[in-house]
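Scroll down for the structure; my scribbles are underneath it.
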There are 2 protein chains.
Amino acid sequence: MIAFFLSRPQLGENIGAVARAMQNFGLKDLRLIAPRDGWPNPRAFDMATHATDILRQAGLFSTLADASGDVHRLYATTARGRDMNKPVLALEDAVEQMVAETAAGLKIGVVFGPERTGLENDEVAQCSTLLTIPTDPDNASLNLAQASLLVAYEWFKRAGQVRNLHATSSKHASFIAPEQQSPAATQAQIAGLLGQLEESLEAGGFFKTEAMRPRMWRNITNIFTRAGLSEQEVNTLRGVIRALRTYS
Amino acid sequence: MIAFFLSRPQLGENIGAVARAMQNFGLKDLRLIAPRDGWPNPRAFDMATHATDILRQAGLFSTLADASGDVHRLYATTARGRDMNKPVLALEDAVEQMVAETAAGLKIGVVFGPERTGLENDEVAQCSTLLTIPTDPDNASLNLAQASLLVAYEWFKRAGQVRNLHATSSKHASFIAPEQQSPAATQAQIAGLLGQLEESLEAGGFFKTEAMRPRMWRNITNIFTRAGLSEQEVNTLRGVIRALRTYS
């Protein structure tokens with residue numbers, strides 16, 4: 001199952017519409033990050049009609065990092081390309097990948113930005129993959145209700161096909177062979193690694209000016225969120241940082 | 001190209017939302033049949049944002065028969081089954097058939113009923129095919145904005161594939177390459193980075209025993225070869241290593 005994350009949603013109506021779309025396609029896990037008009041918002045409940053359970057059970061968080069600690073992979077929905085070295089998948093292909101990842105036991109989140117501005121670069125940097133919805137190139141702007149509906153619909157279709165596949169043929173039952181690999185790191189574990197790295201870089205004078213710092217740090221964050229790190233690799237990298245720091 | 005028919009739509013906002021969905025996916029031909037609140041409806045124009053051209057050019061009719069004179073095949077969108085001897089196709093399959101029909105020179109219409117009641121049996125009877133959108137069986141009710149968006153999206157995807165508009169295969173993750181994106185690092189550049197890292201780790205006492213070293217180093221190598229690093233990112237990471245080493 002996948003979770004939907006709404007970062008700083010503005011209108012309660014849109015939060016309700018997202019819940020409704022989730023309900024139509026069998027999704028339940030909604031997480032709200034700093035909704036502009038506070039929470040709970042009666043306009044969301046009015047709009048959700050039969051999906052109010054999802055709203056009542058929605059998690060409320062102040063940052064994407066807080067909201068996604070238990071999640072292994074985040075997909076950033078974004079209309080325009082970002083100047084980031086990160087894989088970009090069209091919706092259908094992204095959903096195919098999500099289905100394989102959830103079949104392998106990973107917890108997946110899809111992150112939607114605020115209505116007007118979309119996700120901030122710092123938020124995108126925390127995601128492993130960019131997800132774009134193909135549209136007419138002259139009219140690319142989908143609103144929050146539309147984007148969430150299309151993602152939920154494709155998920156439902158694709159996950160349903162896989163369920164049917166499993167039911168009819170056990171040959172296709174395992175999508176990913178995880179071998180004896182270490183389990184995938186959660187966002188919280190990656191955040192812990194990045195926190196250690198940032199603190200160490202600061203101590204080492206890496207950030208030459210405060211003005212350059214956000215961009216430099218985002219570039220570094222991107223490298224590690226993109227890499228699909230395992231728990232063991234996170235521990236290895238933490239050991240690497242410790243070892244480099246003890247050098248002098 | 002296909003046309004959307006709204007039979008007796010109730011809320012102007014929903015008419016606007018349909019126009020918006022059409023615009024997002026390259027459709028233009030909207031036909032309104034006896035909208036409840038008259039026409040033009042300012043609420044529709046408010047909701048349509050950039051899609052007001054579609055509303056201005058929308059045809060206004062009093063019956064489905066009047067509206068569809070020039071059309072060869074009508075598809076009735078319907079949530080519940082009808083007691084009619086008529087083919088029922090899930091959205092994806094319906095769209096595939098529409099694509100084939102338009103390729104053969106036929107003009108196609110998709111008919112959406114009023115928000116609360118859906119299409120009347122007399123209207124369904126004028127359609128060649130029933131179109132259902134797969135949803136969670138416990139929560140099948142899609143509103144007009146949702147249903148029209150999903151049909152437009154599937155049409156756009158499928159027609160686009162047939163026209164072969166998207167030359168690039170989206171099957172595999174393509175790393176985004178916007179203008180200012182640094183080129184992908186060569187193997188040599190990555191090897192340079194890894195050499196610097198290995199030397200630094202050795203100096204920092206990271207490799208506790210020679211026996212463990214090959215495996216530890218392979219694990220670290222894996223992380224960085226998997227990440228699809230750019231030249232700029234290699235340089236950033238080399239700066240990171242330098243900064244960590246100067247810490248003490």
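Note that the structure is a prediction, hence the values are computed from the model and not measured. Letters go in sequence order (proteins before strands), and every chain restarts at 1.
- Proximity to chain A (any heavy atom under 4.5 Å) is shown, for B/Ala51, by neither the backbone nor the side chain.
- Separation of atoms CE (B/Met22) and CG (A/Asn139) is listed at 12.0 Å; rounding is to 0.5 Å.
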**CA sep, side-chain torsions, deciding dist, call: B/Leu149, A/Tyr153, side chain to side chain contact (heavy atoms under 4.5 Å, CB included)** = CA-CA 11 Å; B/Leu149 180 75; A/Tyr153 165 75; over 6 Å; no
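- The local environment of CZ in B/Arg43 is sparse, with at most 12 non-hydrogen atoms from other residues, nucleotides or ligands closer than 6.0 Å.
- Ranked by heavy-atom pairs under 4.5 Å with chain B, the first of A/Leu229, A/Ile241, A/Leu237, A/Ile223 is A/Ile223.
- Only the side chain of B/Ile133 has a heavy atom closer than 4.5 Å to any heavy atom of chain A.
- For the set B/Asn143, B/Ile220, B/Leu91, B/Leu197, the entry with the most heavy-atom pairs within less than 4.5 Å of chain A is B/Asn143.
- For chain B, the option among A/Asp138, A/Asn219, A/Leu150 with the highest count of heavy-atom pairs below 4.5 Å is A/Leu150.
- Of the listed residues (B/Gly205, B/Pro134, B/Pro137), the one with the most heavy-atom contacts under 4.5 Å to chain A is B/Pro134.
- From B/Glu13, atom CD reaches atom CD of A/Glu13 across 11.0 Å, with rounding to the nearest 0.5 Å.
- In terms of heavy-atom pairs under 4.5 angstrom with chain A, the leader among B/His50, B/Met216, B/Gln146 is B/Gln146.
- Summarising the geometry of B/Thr135 relative to A/Asn24, their closest heavy-atom pair is CB-O, 3.4 Å, with the distance given to 0.1 Å.
- With a 4.5 angstrom heavy-atom cutoff, A/Ala94 does not touch chain B via any of its atoms.
- Taking chain B as the reference chain and counting heavy-atom pairs below 4.5 Å, the highest number among A/Ala152, A/Ser141, A/Ala17, A/Gly239 is found for A/Ser141.
- Between A/Leu142 atom CG and B/Phe25 atom CZ the span is 5.0 Å, to the nearest 0.5 Å.
- Shown here for B/Asp136 and A/Gly26, the closest heavy-atom pair between the two residues is OD2-CA, 3.5 Å.
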